[in-house]
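Since the structure comes first, as structure tokens, the remarks are kept for the end.
Numbers here are sequence positions counted from 1.
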Amino acid sequence: MTQRPPHEDFLARETKPRLGGRRATGDKLTTTYDLVEQMHYLYVRVVKAINLPPTDLNGGCNPYVEVKLGNYVGSTYHFQNVSNPEWSQVFAFSKERIQASVLEVIVNDKDVMQNEFMGRVFFDINEVPKRLPPDSPLAAEWYRLEDRNGNKLIGELMLAVWWGTQADEAFPEAWHSDAANVGGVDDLANIRSKVYLSPKLWYLRVNVIEAQDLMPTDRARFPDVFVRAILGNQAQRTSCCMNNSVNPTWNEDLMLVADEPFEEPLILSVEDKVAPDKYEVLGRCAIPLQYVDRRLDNKPLNTKWFNLEKHIISTEGDNEVKFASRIHLRICLEGGYHVLDESTQYSSDLRPTAKQLWKPAVGVLEVGILNAQGLLPMKTRDGMATTDAYCVAKYGQKWVRTRTIIDSFSPKWNEQYTWEVFDPCTVITIGVFDNCHLHSADRAGGSRDSRIGKVRIRLSTLETGRVYTHSYPLVGLHPNGVKKMGEIQLALRFTCSSLLNMMNMYSQPLLPKMHYVYPLSFAQLDSLRHQATQIVSKRLSRAEPPLRKEAVEYMLDVGSHMWSMRRSKANFSRIMGVLGGLIAVAKWCDQIFHWKNPINTVLIHILFLFLVLYPGLILPTIFLSLFLIGVWYYRFRPRHPPHMDTHLSCADNSHLDELGEEFDMFPTSCPADILRMRYDRLRSISARFQTLVGDLATQGERVQSLLSWRDPRATSLFVIFCLVASIVLYFTPFQVIALITGFYVLRHPRFRHKLPSVPLNFFKRLPARTDCML
């Protein structure tokens, strides 16, 4: 077997898995779980038991059930002193790992010293029926318990046993044989698949207008006041009022992020700055968000006055509340904005908060998470390297988490999920993590789920109706370099419900209307996005089972705005790649101008003469050329979805110290000598960007100085030139001017001079504002 080159390890590969689940209903062919490989399971539903014999001295029993198949044993929870218990629990055994022919269901009595046997039921797995179709209900039956010798007992157990697939309705909540070495109800809940919804987020706008009758403790001075708005862990404040008065005015907007249901009120505090780091609260009010107006557009809302409470402690020690002043506000929940919680270039949802402004869906995205291969060991358990992998997929407001496959470097999930698509220019993110919360020892150490890697796929790069099956590399960037953590195999299909509506989306603004009518500043968006990500991660970590904060932040690219030498070099390479086409055109034009290929130059002369004589054909010729180029490039169109490129990201050739700087804490924890070296390197690179930006600014200022009279002689010459040019162009036909200009530009090199041209010399002599720089 030939070994692939190292760079090919980071490329996505098209695969051909056996996607199944097809079934016929009447004369219509439908599919169920058709983007995953079928996995067969032996399901056992333990419903309840009756007439269990007492085993304790007090005449009761503590029953629970063990489902045993070969080396796999699953157990229900136990009851205290109940002879007719009801469990309604399902157990699933993967057919691939079954190494026994007999299923044994045992009823035991939970005891402190030793569990007692109460009865059992045997099943030959070769006689277990198949459940067809897989979503039809299967009735449970009563079975008489037997002792160890096969004699019938009094007690009975209600069971249902059948063969099914992962499309079975019992699959998500079942105990799986993959988790046979995980104990405890909490651990089992932590490994099951789950669907989460992001909280509904609103922008809360607080327009602070004015306040009245503010009385500081020191009556000999006017208060230097500002307003602080607090919502949960968020805090924003206005500037100090310029006119020191007991009736200050601000007219400033404060923006915060609120999530439904509104559990915490908005706290407004009017504070007086009595010293550089000392503030006195002059009044405070709490406003429940349930009663705040909701706005869908930029129409102004009515203002309201709110009483400010001031707590005064009397000499007797009583806490007295007084209403001594009030504040004038305009408060609203903005429903016309989209609350950004993702990185803008990887957004999966661009809809406004208010559902009244939503447009119909344009399609459906189906994703089959098949398996992973070659995962690296992420931790050590009982002296053995292991990985407990699960996937998280995020698109729009819907998050999904697959079940955790215990102790496997090649886990198979084969789970399929569906999302509604409202904008094709969005991105789905799929991440792979190692579950570090399955054992009490891990949880006691405060461990975090380790990130293995993630995949991003932009829906607009997918052809509608086509099934994409690819194996994507999971790339991990570490302080010691880039590493391939394994591969994940996915199946995707994007179907369009209305081609006309989807094409119309390309003519619509990317963000909702309010982002353009009443725009927020870049600093506001950055701060609000940070608050939104914290709210989402907090809410999802409180779900049951929780979606850990570290997983949510990794999916939302928290911290991606931090400085990185690697990203700076990658972005510079991207800029050069964009300018590469223009540079190639400039080189081609230079070859034409200097007659490097006389035949091409003569053809350009003929084409130029033809277009000048018939100027109406210029624009049609340009667009026809673009059409032909587009048709020609159709042969070379991309056939695979894009994936993370280590070379484009400069991850394969980054210096170790650059990666160490990228993974450093904020603020830094590095020694002084390393910090000094990094600072000097940053200064040298910044100097290059500084010079480049300065040169671009100089050229722009020279253009502005043409008519600014900063250089009176240069402006005089330019003004006279414009007057003469206007007269000449008025009396001379356009074709003549175009011919003279074109033939002059295309003249033979023997008629050219090596010195710069007169217009270029004139432009370089124009003044710029560099003379005013220190």
To the nearest 0.5 angstrom, please state how far the CG atom of Leu477 sits from the CZ atom of Arg451. 10.5 Å
I want to check a possible cation-pi pair here: Arg401 against Tyr390, using under 6.0 Å from ring centre and within 45° of the ring axis as the test. yes
Find out whether Asn435 and Asp449 are in side-chain contact, i.e. whether some heavy atom of one side chain is under 4.5 Å from a heavy atom of the other. yes
Is there a donor-acceptor pair under 3.5 Å between the side chain of His176 and the backbone N or O of Ile405? no
Report yes if some heavy atom in the side chain of Val536 is under 4.5 Å from a heavy atom in the side chain of Pro199; otherwise report no. yes
If you compare all heavy atoms of Thr469 against all heavy atoms of Ala491, which two are closest, and at what distance to 0.1 Å? CG2-CB, 4.0 Å
Looking only at heavy atoms, the pair that brings Thr387 and Leu376 closest together is OG1-O, 2.8 Å
Within the 4.5 Å heavy-atom criterion, are Leu19 and Leu370 side-chain neighbours or not? yes
Closest non-hydrogen atom pair between Gly336 and Met514, with its separation: O-CB, 3.5 Å
About how many Å separate CD of Glu415 and CD1 of Ile369, when rounded to the nearest 0.5 Å? 7.0 Å
Do Tyr41 and Ser177 have side chains that approach each other closer than 4.5 Å (heavy atoms only, starting at C-beta)? no
Determine yes or no for a side-chain-to-main-chain donor-acceptor pair under 3.5 angstrom, with Tyr346 supplying the side chain and Arg458 the backbone. no
Could you grab the distance from atom CZ of Arg466 to atom CZ of Arg493, nearest 0.5 Å is fine? 13.0 Å
Got a sec, which residues hit side chain to side chain contact (heavy atoms under 4.5 Å, CB included) with Glu96, two or more places apart in sequence or on another chain? Ser94, Lys412
Full working for side chain to side chain donor-acceptor pair (under 3.5 Å) between Glu553 and Ser537: CA-CA 7 Å; Glu553 291 183 347; Ser537 62; 4.5 Å; no
Once rounded to the nearest 0.5 Å, what's the spacing between atom SG of Cys436 and atom CD of Glu550? 8.5 Å
Heavy-atom closest contact (Leu510 atom, Tyr516 atom, distance): N-OH, 3.6 Å
Run the ring-centre check on Phe93 versus Trp175 and record whether the distance is less than 6.0 Å. yes
Output, in order, the C-alpha distance, side-chain angles, deciding distance and verdict of side chain to side chain contact (heavy atoms under 4.5 Å, CB included) for Trp163 and Lys95. CA-CA 9 Å; Trp163 286 104; Lys95 185 178 181 180; 4.0 Å; yes
Between the main-chain N or O of Ser471 and the side-chain N or O of Arg13, is there a donor-acceptor pair closer than 3.5 Å? no
Do Trp399 and Val195 have side chains that get closer than 4.5 Å, going by heavy atoms? no
Might you work through the side chain to side chain contact (heavy atoms under 4.5 Å, CB included) test for Lys379 and Asp388, ending with a clear yes or no? CA-CA 9 Å; Lys379 60 178 177 288; Asp388 307 323; 3.1 Å; yes
Check ion pair Asp407-Arg381 (N to O, under 4.0 angstrom): no
Contacts satisfying salt bridge (Lys or Arg N to Asp or Glu O under 4.0 Å) that involve residues 349-362 (not counting sequence neighbours) are Asp349-Arg351
Please work out whether the ring planes of Tyr43 and Trp162 are parallel, tilted or perpendicular, with thresholds of 30° and 60°. parallel
How long is the span from the CG atom in Leu340 to the OG1 atom in Thr533, to the nearest 0.5 Å? 11.0 Å
Give a yes or no on whether the backbone of Leu547 and the side-chain of Ser541 come within a donor-acceptor separation of less than 3.5 Å. no
If only atom types and distance count, is the side chain of Gln416 paired as donor or acceptor with the main-chain N or O of Leu35 below 3.5 Å? yes
N/O donor-acceptor pair under 3.5 Å between Thr404 side chain and Ile406 backbone: no
Taking only residues two or more places apart in sequence or in another chain, which ones pass side chain to side chain donor-acceptor pair (under 3.5 Å) with Arg45? none
Hey, is CD on Gln99 packed in by over 12 heavy atoms from elsewhere, all under 6.0 Å? no
Any chance you could measure Gln531, atom CD, to Ser527, atom OG, to the nearest 0.5 Å? 5.5 Å
One pair to check against side chain to side chain contact (heavy atoms under 4.5 Å, CB included): Thr418 and Glu366. What are the steps and the verdict? CA-CA 5 Å; Thr418 303; Glu366 299 168 275; 4.0 Å; yes
Evaluate the side chain to side chain contact (heavy atoms under 4.5 Å, CB included) criterion for residues Met378 and Met485: first the C-alpha distance (whole Å), next the side-chain angles of each, then the deciding distance (0.1 Å), finally the verdict. CA-CA 10 Å; Met378 302 300 296; Met485 309 296 291; 3.8 Å; yes
Looking only at non-hydrogen atoms, find the nearest pair between Pro424 and Leu459 and report the distance. O-CB, 3.3 Å
Sort out for me which residue in Thr15, Leu462, Ile457, Thr461 forms a side chain to side chain contact (heavy atoms under 4.5 Å, CB included) with Tyr468. Leu462
Taking the side chain as every heavy atom from C-beta outward, state whether Trp202 and Phe262 have any pair of such atoms under 4.5 Å apart. yes
Any salt bridge (Lys or Arg N to Asp or Glu O under 4.0 Å) pairs touching residues 495-510, not counting sequence neighbours? none
Mind checking whether Lys194 and Pro545 have side chains closer than 4.5 Å, heavy atoms only? yes
Report the C-alpha separation of Lys538 and Asp259 in whole Å, then their side-chain angles, then the decisive distance to 0.1 Å, and conclude whether the salt bridge (Lys or Arg N to Asp or Glu O under 4.0 Å) test is met. CA-CA 11 Å; Lys538 180 180 178 181; Asp259 60 313; over 6 Å; no
Do Tyr203 and Leu520 have side chains that approach each other closer than 4.5 Å (heavy atoms only, starting at C-beta)? yes
Is atom NZ of Lys513 surrounded by more than 12 heavy atoms (other residues, nucleotides or ligands) closer than 6.0 Å? no
Under a 4.0 Å N-O cut-off, is there an ion pair linking Asp557 with Lys454? yes
Listing request: all side-chain hydrogen bond (donor to acceptor under 3.5 Å, both in side chains) pairs with a residue in residues 333-342, at least two apart in sequence or in separate chains. Arg205-Glu334, Arg205-Tyr337, Arg295-Glu334, Glu342-Ser348, Glu342-Lys394
Indicate whether the side chain of Thr165 and that of Gln38 have a donor and an acceptor atom separated by less than 3.5 Å. no
Considering non-hydrogen atoms only, spot the tightest contact between Ser460 and Tyr506 and give its length. CB-OH, 3.8 Å
Quick one: does NZ or CZ of Arg548 land under 6.0 Å from the six-membered ring centre of Phe433, within 45 degrees of the ring axis? no
How would you list, by chain and number, every residue that makes a side chain to side chain donor-acceptor pair (under 3.5 Å) with Thr402, sequence neighbours excluded? Trp413
